[in-house]
Amino acid sequence: PKRMGESFSKGDTLVAFECSIFKAQRDKVSAERESAQVKVTNARELNRLNSIGKLDVAVAEAELKKVDAELHIATLNTERCVIKAPYDGSVVGLQVNEHESVKEQQPLIEIVGKSNLEAEVIVPANAINWLKVGTPIHLTLDETGKEISSSIAHISPAIDATSQTLQL
C-alpha cells in the first residue's frame with residue numbers, strides 16, 4: 001500500500017501477501033484441535049469410570065499437544081502475511097511489484113526511519129588523538145547544504161592501512 005517517498009507510521013501495513021492457503025491450513029488445524037480436545041475430555045471421563053487405562057489418556061493428551069504445536073505454526077504463518085512498519089519512517093524504494101511472486105529471504109521494500117539518523121563518516125586516522133565517543137560534531141549534507149548537529153556514537157577500533165583513515 002505504500003510507494004517510494006511515502007511516509008508511514010509505526011504499525012502501518014507495508015507489505016501484504018495473498019495467504020488464503022495459510023489461512024485454510026490454520027482453519028484445518030483449528031478443527032483438528034477441537035477434535036483432539038474432545039478426545040482428551042472423553043478419555044479422561046472414561047478413565048474416571050475405569051473404562052480405559054492411563055496410557056490411552058496420555059496418548060490423547062500427547063495428540064492434543066501435537067495439534068496445539070501445529071496450530072501455533074499455522075497461526076505464525078498467517079501472522080506473517082502482513083508486514084507492519086517497525087517505526088515511523090518513509091519508503092526509500094520497492095524491490096517487488098504487486099502480484100509478483102517472491103522467494104524466501106528476498107528483499108521486498110527499503111525503508112528508513114525518521115528519528116535517530118545515523119551517518120558513517122571517514123576521517124583521517126590522526127583524528128583518533130582528539131575524537132572520543134560523545135564528541136559533538138556538525139555534518140553538512142552535500143545534497144541540501146543543511147547542517148546537522150550530532151555526536152560520535154562509535155569509533156572503529158581499526159585504521160585502514162591503505163588510506164590511513166578511521167571510520168566513525
Side-chain angles (χ1 to χ4, degrees), residues 1-122 132-134 139 148 150-158 160 166-168:
K2 301 291 182 189
R3 298 281 177 225
M4 182 180 63
E6 291 184 344
S7 295
F8 55 82
S9 299
K10 181 178 181 175
D12 285 355
T13 298
L14 295 178
V15 177
F17 298 100
E18 195 290 306
C19 286
S20 56
I21 189 79
F22 290 123
K23 291 175 183 174
Q25 183 182 23
R26 182 197 59 209
D27 293 345
K28 175 185 176 277
V29 175
S30 182
E32 290 173 355
R33 195 224 179 267
E34 289 177 25
S35 175
Q37 181 62 58
V38 169
K39 288 178 183 178
V40 166
T41 302
N42 185 53
R44 288 178 181 161
E45 181 62 23
L46 289 173
N47 184 46
R48 190 182 66 76
L49 298 171
N50 294 322
S51 294
I52 62 172
K54 291 180 182 178
L55 176 63
D56 294 319
V57 175
V59 169
E61 289 172 343
E63 182 63 29
L64 178 60
K65 286 180 183 178
K66 177 184 167 191
V67 173
D68 278 341
E70 290 173 1
L71 182 58
H72 183 67
I73 292 168
T75 301
L76 287 174
N77 283 338
T78 58
E79 288 172 357
R80 292 180 182 148
C81 291
V82 175
I83 298 174
K84 302 283 187 178
Y87 45 75
D88 293 346
S90 296
V91 176
V92 174
L94 302 172
Q95 275 70 40
V96 294
N97 297 304
E98 194 170 355
H99 305 294
E100 189 175 329
S101 295
V102 296
K103 300 174 188 164
E104 278 190 44
Q105 305 298 318
Q106 178 181 345
L108 305 173
I109 186 171
E110 184 180 354
I111 61 174
V112 293
K114 291 185 176 182
S115 62
N116 297 328
L117 297 176
E118 294 183 8
E120 293 180 5
V121 180
I122 306 296
K132 305 286 182 240
V133 171
L139 303 173
I148 299 174
S150 185
S151 64
I152 297 174
H154 304 283
I155 299 175
S156 173
D160 184 280
L166 179 68
Q167 185 175 358
L168 308 176

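As the structure is a prediction and not an experimental result, all values here were calculated from the model. Just so you know, residue 1 is the first one in the sequence shown, and it goes up from there.
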For [X] against [Y], the heavy-atom pair lying closest together:
X: Val92; Y: Met4; value: O-CG, 3.1 Å
X: Gly89; Y: Lys114; value: O-CE, 3.4 Å
X: Pro86; Y: Leu14; value: CD-CD1, 4.4 Å
X: Tyr87; Y: Val112; value: CE1-C, 3.8 Å
X: Phe8; Y: Ala85; value: CD1-CB, 3.4 Å
X: Ala119; Y: Leu139; value: CB-CD1, 3.9 Å

Working to the nearest 0.5 Å, report the span between [atom1] of [X] and [atom2] of [Y].
X: Glu18; Y: Glu98; atom1: CD; atom2: CD; answer: 12.5 Å
X: Ile52; Y: Arg44; atom1: CD1; atom2: CZ; answer: 11.0 Å
X: Glu120; Y: His154; atom1: CD; atom2: NE2; answer: 10.5 Å
X: Asn47; Y: Asn42; atom1: CG; atom2: CG; answer: 11.0 Å
X: Glu32; Y: Leu64; atom1: CD; atom2: CG; answer: 12.0 Å
X: Glu6; Y: Ile111; atom1: CD; atom2: CD1; answer: 13.5 Å

Hey, does [Y] have a side-chain heavy atom less than 4.5 Å from the side chain of [X]?
X: Arg3; Y: Leu94; answer: yes
X: Asp68; Y: Arg33; answer: yes
X: Thr13; Y: Lys84; answer: yes
X: Glu61; Y: Val57; answer: yes

Quiz item: Hey, mind stepping through Lys66 and Glu63 against side-chain contact (heavy atoms from CB on, under 4.5 Å) and telling me if it holds?
Solution: CA-CA 5 Å; Lys66 177 184 167 191; Glu63 182 63 29; 4.1 Å; yes
Quiz item: Taking Ser30 for the side chain and Arg26 for the main chain, is one N or O donor matched with an acceptor at less than 3.5 Å?
Solution: no
Quiz item: When you measure from the side chain of Gln106 to the backbone N and O of Leu108, does any donor-acceptor pair fall under 3.5 Å?
Solution: no
Practice problem: With sequence neighbours left out, write down each residue that passes side chain to side chain contact (heavy atoms under 4.5 Å, CB included) with Ser151, or none if nothing qualifies. | Solution: none
Answer yes or no: are there more than 12 heavy-atom neighbours, outside [X] itself, under 6.0 Å from its atom [atom1]?
X: Lys2; atom1: NZ; result: yes
X: Ile21; atom1: CD1; result: no
X: Glu100; atom1: CD; result: yes

Quiz item: Which disulfide bond (SG atoms under 2.5 Å apart) pairs, counting each pair once, include a residue from residues 32-107, with sequence neighbours left out?
Solution: Cys19-Cys81
